[in-house]
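What follows is a short report on a single structure.
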Amino acid sequence: MDMGIDIIALLVGVAFLAGTIDAIAGGGGLLTIPALLAAGLPPVAAIATNKLQSSFGTGGAVVAFARKGHIDFRRFALPALASFTGSATGAFLLTLIDPKFLSGLIPLLLIAMATYFLLAPKMTDEDRHVLAGPPMLLAMAFVIGGYDGFFGPGTGSFFITGLVAVFGLGVTRAVAHTKLLNFTSNLAGLAVLIASGHVMWKVGLPMAVGAIAGGQVGAHTAIRFGASTVRPLLIVMCLGLTAKLLADPTNPLTAAVLAWFG
């Protein structure tokens, strides 16, 4: 499809803002997917093109965090591989199963995460007591990576919550390692979508430039301000994504609530 330079420039701006937010707390797709749909892309093409630009943005954020020494590649090499494998598995399952059944569950999980970050004791950038070992870390990476390949919304928030609450990482290190795990899950999902021919390269590549720049700004913001920025933004993004999902009248949870009060 043909798209004017003005529309592409607007999408690049949206990608920059989304990349900034995503590098801090996840949820950048809340901005980019609606923007792509509004620009006229079909839903599958919008998701595929979003995966392309977000992969570049997340990869840039990984580089920024790694340069500051916030990523332990030795410890997280296998979890990153598990996230990649899980995402590829989830993307394959997507071709076999309708993901709609998940849309009623995800808002409840996001509300639970927002409540956790709202009520949890003061969070810092210092690592805390680890509640689970490497096998559980691998399992978490595989499951959340699989969710990213299969459905997607809230993946970054799920990773951050698990790394803080269960694996004891300080907030900034949790965000940094989330970018690594999310980058590998993005790559797997992107590979499947490229193979299916749904990626709009003429739109996705310019947006990738904006996403990379935004990812750098977001990563440096998270490194500089740490928990004071990440925690409130996580709460806002979790609640924002919940509202977006519940606004869909076809969402099973929304339908159940309307039926109850109707």
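Taken from OG1 in Thr178 to CD1 in Ile71, the straight-line distance is 10.0 Å, to the nearest 0.5 Å. A distance of 9.0 Å separates OG in Ser87 from CG in Leu187, rounded to the nearest 0.5 Å. A distance of 9.5 Å separates CE in Met207 from CG in Leu10, rounded to the nearest 0.5 Å. The distance from atom CG of Leu138 to atom CG of Leu78, rounded to the nearest 0.5 Å, is 6.0 Å. To the nearest 0.5 angstrom, Leu36 atom CG is 5.5 Å from Leu41 atom CG. In this structure, CG on Leu11 lies 9.5 Å from CD on Gln53, to the nearest 0.5 angstrom.
By the side-chain contact (heavy atoms from CB on, under 4.5 Å) test, Thr85 pairs with Leu81, Thr89, Phe142, sequence neighbours left out. Scored by the side-chain contact (heavy atoms from CB on, under 4.5 Å) test, Asp22 finds Thr58, Lys179 as partners (sequence neighbours excluded). In this structure Ala80 satisfies the side-chain contact (heavy atoms from CB on, under 4.5 Å) test together with Leu180, Leu181, Thr184, sequence neighbours excluded.
Pairing each heavy atom of Ala61 with each of Gly215, the nearest pair is CB-O, 4.1 Å. Here the shortest heavy-atom pairing between Ala46 and Leu37 reads CB-CD2, 3.7 Å. Taking both residues in full, the closest heavy atoms of His220 and Ala64 are given as NE2-CB, 4.3 Å, listed atom of the first, atom of the second, then distance. Here the closest heavy-atom approach between residue Ala174 and residue Leu163 is recorded as O-CD1, 3.5 Å.
Contact of the Ile24 side chain with the Val175 side chain is not registered, since no non-hydrogen atoms from C-beta on lie closer than 4.5 Å. With contacts defined as side-chain heavy-atom distances shorter than 4.5 Å, the pair Phe159/Met140 qualifies.
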Could you list the donor-acceptor pairs under 3.5 angstrom formed between side-chain atoms of residues 12-19 and any protein atom two or more places apart in sequence or on another chain?
none

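Under a hydrophobic-cluster definition in which Ile, Leu, Val, Met, Phe, Trp and Tyr are linked whenever side-chain heavy atoms come within less than 4.5 Å, directly or via other members, Leu193 and Ile33 are assigned to different clusters. Note: the hydrophobic cluster containing Val217 does not contain Leu31 (ILVMFWY, side chain heavy atoms under 4.5 Å, direct or indirect links). Neither Ile194 nor Val203 shares a network with the other; the hydrophobic side chains, linked directly or stepwise wherever heavy atoms of I, L, V, M, F, W or Y lie under 4.5 Å apart, form separate groups for each. Grouping the Ile, Leu, Val, Met, Phe, Trp and Tyr side chains by contacts below 4.5 angstrom, directly or via other members, places Ile160 with Leu137. In the hydrophobic cluster analysis, where Ile, Leu, Val, Met, Phe, Trp and Tyr join through side-chain heavy atoms closer than 4.5 angstrom, Leu93 is grouped apart from Val143.
Note on residues 181-219: no pairs pass ring-ring contact (aromatic ring centres under 6.0 Å, His included), not counting sequence neighbours. Within the structure, ring-ring contact (aromatic ring centres under 6.0 Å, His included) contacts touching residues 67-87 (residues at least two apart or in different chains) are Phe76-His177.
Neither side chain, Asn182 nor Thr155, offers a donor N or O lying under 3.5 Å from an acceptor on the other.
Within the 3.5 Å criterion, the main-chain N or O of Lys51 finds a donor-acceptor partner in the side chain of Ser55.
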Walk me through it: do Phe65 and Ile223 pass the test side-chain contact (heavy atoms from CB on, under 4.5 Å)?
CA-CA 8 Å; Phe65 280 113; Ile223 292 169; 3.6 Å; yes
